[in-house]
Amino acid sequence: MYRLALSALGLLAAQAAAQCTREDLSAATDSLLAAQTAGTPDAIAPLADTVAYLEAFKTADIATGILSHPLKIDFNRSLLDTTACATYTEIIVTDAAHPYVIGTQMRFLDGKIANISSLVTDQGDWLFNATGTYYWASRENWDPIPEDQRDSREVIQAAADAYADLFNDKSVQVPWGTPCARLEGGAYTGSGSATDRCDVGVPNGVALVNRRYVIDETIGAVDIFIDFATVPDSHEFRVESGKLRFVHTITVMG
């Protein structure tokens, strides 16, 4: 059994930098998926004595949150950050009775999970369409990048930050890739072609702040939990040779 810390202090403590192995982080994300499938949050491991649990960036009760609901997961992908000792997992549920798209960051302290933060989207959230999300996400290639071709975590973060900065400063130079496609809710800016673009439909005058990163150099990806103006948001990026290849967004409106 474990205690839940429903305060920002738990979040800050869990963000302390640490070194973890991919094997340990992968085992933790496997336990997250198993817990969500079974609807048994206490199956997540290894848990710290004190765990901060959040949904939509607000403290919540893990015993009654999304993890307490058994879900049939149709698609998932996890980023493993061995430097910051953190993970990000994208979960897609297409069950017609109640579809979801969920993004979860977990942060570790002294080798144990000290913070679990989830964005849970369903009907009514920004461009929500789990079937569309599944269709496009399952067709993209996020395979590991050959070691001699991998970007540094600094390059990966810089590409993502440039994209996020563009929303409030149109002078920012973003390293757009060709092709590049954005999956925003269930809407896709591409068609799977060599000319796909993700530099379309970017608003202006919106500050994307309070960024929390999970960076995985092995698959060339970063997820950022962001305050999108006033709403909770996740932007996940695939970066290849320093340029943006894919962008996934999850935005909670309710």
Side-chain angles (χ1 to χ4, degrees), residues 8 11-12 15 54-60 79 81 84 86 88 90 92 100-105 107 117-130 132-133 136-137 140 151 153-191 195-215 220-254:
L11 173 60
L12 294 174
Q15 290 178 324
L54 302 93
E55 290 188 6
F57 302 163
K58 296 179 180 178
T59 53
L79 310 187
D81 189 334
Y88 172 74
E90 179 183 21
I92 302 173
Y100 291 97
V101 177
I102 303 167
T104 299
Q105 287 191 3
R107 298 187 179 275
S117 182
S118 290
L119 296 180
V120 182
T121 60
D122 57 7
Q123 191 63 40
D125 287 312
W126 182 251
L127 296 178
F128 180 81
N129 181 340
T133 305
W136 292 111
E140 295 175 346
D151 292 312
R153 61 188 294 110
E154 291 78 15
V155 167
I156 295 169
Q157 180 176 329
D161 276 336
Y163 179 98
D165 291 342
L166 184 68
F167 283 65
N168 204 37
D169 182 357
K170 291 304 181 185
S171 70
V172 173
Q173 297 299 306
V174 179
W176 305 110
T178 305
C180 179
R182 183 175 74 244
L183 181 56
E184 187 173 351
Y188 207 56
T189 63
S191 61
T195 58
D196 285 352
R197 296 173 54 183
C198 57
D199 61 345
V200 295
V202 178
N204 193 24
V206 182
L208 277 57
V209 298
N210 194 20
R211 301 176 190 178
R212 287 138 286 171
Y213 304 88
V214 175
I215 302 172
V222 54
D223 177 72
I224 316 176
F225 272 8
I226 297 175
D227 293 344
F228 193 109
T230 60
V231 298
D233 177 271
S234 168
H235 269 63
E236 182 186 20
F237 303 85
R238 163 82 166 196
V239 179
E240 299 176 358
S241 299
K243 296 184 181 297
L244 298 176
R245 178 62 184 92
F246 297 117
V247 184
H248 287 194
T249 77
I250 297 174
T251 307
V252 179
M253 301 302 293

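Predicted model, so just to flag it, every value in this text is computed and none were measured.
Inspection of the His248 and Glu140 side chains reveals an N or O donor paired with an N or O acceptor under 3.5 Å. Judged by distance alone, the side chains of Asp196 and Thr189 never bring a donor and an acceptor atom under 3.5 Å apart. A donor atom on one side chain and an acceptor atom on the other are not found under 3.5 Å apart for Tyr100 and Asp125.
For the atom pair Glu90 CD and Leu183 CG, the distance stands at 7.0 Å (nearest 0.5 Å). Between atom CD1 of residue Ile224 and atom CG of residue Leu208 there is a gap of 8.5 Å, rounded to the nearest 0.5 Å. The distance from atom OG1 of Thr251 to atom CG of Leu119, rounded to the nearest 0.5 Å, is 8.5 Å.
A heavy-atom distance below 4.5 Å is not found between the side chains of Val209 and Ile226. Contact check for Ile156 versus Glu240: no side-chain heavy atoms found under the 4.5 Å cut-off. Counting heavy atoms from C-beta outward, Arg182 and Tyr188 have side chains that stay 4.5 Å or more apart. You'll find the side chain of Arg197 stays beyond 4.5 Å of the side chain of Trp176, heavy atoms only. Asp233 places none of its side-chain heavy atoms less than 4.5 Å from the side chain of Phe225. Annotation: side chain of Arg212 is in contact with side chain of Phe57 (closest heavy-atom distance under 4.5 Å).
Taking a cutoff of 4.0 Å between a charged side-chain nitrogen and a carboxylate oxygen, Asp227 and Arg211 do not qualify as a salt bridge. Salt bridge annotation for Asp81-Arg153: present, with a cationic side-chain nitrogen under 4.0 angstrom from a carboxylate oxygen. A salt bridge does not link Asp165 to Lys170: none of the charged nitrogens lies less than 4.0 Å from a carboxylate oxygen.
Looking only at distances, a side-chain donor or acceptor of Thr121 sits under 3.5 Å from a matching main-chain atom of Val101. Between the side chain of Arg238 and the main chain of Val222, no donor-acceptor pair closer than 3.5 Å is present. Between the side chain of Ser234 and the backbone N or O of Ile250 there is no donor-acceptor pair closer than 3.5 Å. Counting only distance, with no hydrogens or angles, the side chain of Arg245 and the backbone of Lys243 share no donor-acceptor pair below 3.5 Å.
Between Ala159 and Gly242, the closest heavy-atom pair is CB-O, 4.1 Å. Contact detail for Ala162 and Val174: the closest heavy-atom pair is O-CG2, 3.5 Å. Heavy atoms only, all atoms of each residue included: Leu79 and Ala221 are closest at CD2-CB, 3.7 Å. Here the closest heavy-atom approach between residue Ala187 and residue Leu127 is recorded as CB-CD1, 4.1 Å. Across Thr104 and Ile102, no two heavy atoms sit closer than the pair OG1-CG2, 3.7 Å. For the pair Trp126 and Met253, the tightest heavy-atom approach, listed with the atom from each and the gap, is N-CG, 3.3 Å.
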Report the C-alpha distance between Tyr163 and Phe237 in whole Å, list the side-chain angles of each, state the deciding distance to 0.1 Å, and finish with yes or no for ring-ring contact (aromatic ring centres under 6.0 Å, His included).
-> CA-CA 10 Å; Tyr163 179 98; Phe237 303 85; 5.2 Å; yes

Leu244 vs Val239, test: side chain to side chain contact (heavy atoms under 4.5 Å, CB included). Steps then yes/no. CA-CA 5 Å; Leu244 298 176; Val239 179; 4.1 Å; yes

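The aromatic rings of Phe228 and His235 lie parallel to each other, their planes meeting at an angle below 30°, with 60° marking the opposite boundary.
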